[in-house]
Number of protein chains: 2
Amino acid sequence: MTKVKETSVIQANKQAAFNECPVTYVMEKIGGYWKPIILFQLLSGSKRYSDLRKAIPAITEKMLIQHLKQLEADNLVVRIAKPVVPPHVTYSLTKTGANLKPVLYAMAVWAVSDSKENSKVFARNLKNFPGIN
Amino acid sequence: MTKVKETSVIQANKQAAFNECPVTYVMEKIGGYWKPIILFQLLSGSKRYSDLRKAIPAITEKMLIQHLKQLEADNLVVRIAKPVVPPHVTYSLTKTGANLKPVLYAMAVWAVSDSKENSKVFARNLKNFPGIN
DNA sequence: CATGATACATACTATAGGGTAAGTACTTGT
DNA sequence: ACAAGTACTTACCCTATAGTATGTATCATG
């Protein structure tokens, strides 16, 4: 799960921000490219591992379990495995995970209003668009 | 301002998530270690560059302007420079930036409740704490 | 005439985290 | 005996982003 160096300024800063800034705390848990997308999928109910894969075709299996494990460690999702063969594993939100709903909703609301009223965004989008220039 | 490679899978994925996932959209704008902290400082009113530096002692000047420039490009903060010597520059939130307040507040609320009811968090904190082990 | 204050800029290094590709275990179906 | 399905694991590479260190312009003041 991609080891972390114990001695590094960047980790120390992260830790400091993590301890002091609640926003950083939240982003440590739902940040990254895939976590919000996974959480979004689970907001609509518990899903099997393979269902998540199908629902998010672009994600690699490594990223998927890696983030699921992290979310589990952070107590945002629960893993339930039936001891059968072939394996049957479902993931669902914990209460804490479900409590994120208003947060995600607030973010979505802001995102929509911002992308409407802010045209500079699109300029920057285009500038960074891969495969152009 | 740390150039970005045009052709990279990670950029493409970012772009895709950016276009489709509003949460990712928001996190592209307020993510990173320092942005939330800077925004928090500006929530209480406009500040000079040097005041921000003093308010956030751990930040390096490079990180500070880099993020201020990004926030400005994203239309979350405005830069006002008085043409005097020595320079006098103040930063403040735009309307869009100020609209983030409920989002940041929702995150903070969740963070507090989560860190109270979730003891695993502190275990993980301690495990990652720099200078131990 | 050198120093200090302010608001940056820039070259280089380090690291966290994402991406690719391939392998594992176990059993049922052909 | 071999492929197929499920839920992972592991080894290796690449890139985005943070950190370090130093430099720049302008003017007032001692």
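Just so it is clear, the values below take in all heavy atoms, side chains as well, and ignore hydrogens, waters and symmetry mates. None of the values given here were measured: they were computed from a predicted structure. Chain letters run A, B, ... following the sequence lines, proteins first and then strands; every chain starts at 1.
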Between [atom2] of [N] and [atom1] of [X], the distance in whole Å:
X: Ile65(B); N: dT20(D); atom1: CD1; atom2: P; value: 15 Å
X: Lys35(A); N: dA16(C); atom1: NZ; atom2: C1'; value: 13 Å
X: Leu68(A); N: dG18(C); atom1: CG; atom2: P; value: 13 Å
X: Asn13(A); N: dT15(C); atom1: CG; atom2: C1'; value: 13 Å
X: Leu64(B); N: dT6(C); atom1: CG; atom2: C1'; value: 13 Å
X: Gln11(A); N: dA18(D); atom1: CD; atom2: P; value: 13 Å
X: Gln70(B); N: dC8(C); atom1: CD; atom2: P; value: 15 Å
X: His67(B); N: dA16(D); atom1: NE2; atom2: C1'; value: 11 Å

Q) Who passes side chain to side chain donor-acceptor pair (under 3.5 Å) against Tyr91(B), sequence neighbours left out? A)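 Tyr91(B): no side chain to side chain donor-acceptor pair (under 3.5 Å) contacts found.
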
Q. Of all residues at least two apart in sequence or in a different chain, which pass the side chain to side chain donor-acceptor pair (under 3.5 Å) check with Thr96(A)?
A. Glu117(B)

**Q.** Heavy-atom closest contact (Asn75(B) atom, Thr94(B) atom, distance)
**A.**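 Closest pair (atom of Asn75(B), atom of Thr94(B), distance): O-OG1, 2.7 Å.
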
Q. Taking only side-chain nitrogens and oxygens of Arg79(A), does any of them come within less than 4.0 Å of OP1 or OP2 of dA7(D)?
A.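 No, Arg79(A) has no side-chain N/O under 4.0 Å of OP1/OP2 on dA7(D).
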
Q: Tell me whether the OP1 or OP2 atom of dG19(D) has a side-chain N or O from Ser8(A) closer than 4.0 Å.
A: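 False: Ser8(A) side-chain N/O out of range (4.0 Å or more) of dG19(D) OP1/OP2.
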
**Q.** Co-membership, hydrophobic cluster, residues Ile80(B) and Ile65(B), 4.5 Å side-chain
**A.** no

Q.
Taking side chain to side chain donor-acceptor pair (under 3.5 Å) as the cut-off, I'd like each qualifying pair that reaches into residues 36-52 of chain A, sequence neighbours left out, listed once.
A.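 Qualifying pairs, neighbours excluded: Ser44(A)-Lys47(A), Arg48(A)-His88(A), Tyr49(A)-Glu61(A).
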
Q. What parts of residues 81-90 of chain A reach DNA chain D, counting only heavy atoms under 4.0 Å away?
A.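 Hits under 4.0 Å, by residue number: Pro86(A), Pro87(A), His88(A), Val89(A).
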
Can you tell which of [options] lies closest to the side chain of [X]?
X: Met63(B); options: dA18(D), dT20(D), dG18(C); value: dA18(D)
X: Gln66(A); options: dG18(C), dC8(C), dA16(C); value: dG18(C)
X: Lys62(B); options: dA7(D), dC8(C), dT10(C); value: dT10(C)
X: Tyr33(B); options: dT20(C), dA18(D), dG18(C); value: dA18(D)

Q: Give me the residues of residues 47-55 of chain A where at least one heavy atom lies under 4.0 Å from an atom of DNA chain C, by number, or none.
A: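 Within this stretch, nothing sits under 4.0 Å of the strand.
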
Q) Between the side chain of Lys82(B) and the main-chain N/O of Thr90(B), is any donor-acceptor distance below 3.5 Å? A) no

Q: Kindly give the cluster partners of Val109(A), where membership spreads through any ILVMFWY side chain lying under 4.5 Å from a current member.
A: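 Members alongside Val109(A): Tyr105(A).
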
Q: Could you check if a side-chain atom of Ile30(B) sits within less than 4.5 angstrom of a side-chain atom of Leu104(B), using non-hydrogen atoms only?
A: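 Yes, at least one pair of side-chain atoms sits under 4.5 Å.
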
Q) Got Trp34(B) and Ile56(B) here, is their nearest side-chain heavy-atom distance under 4.5 Å? A) yes

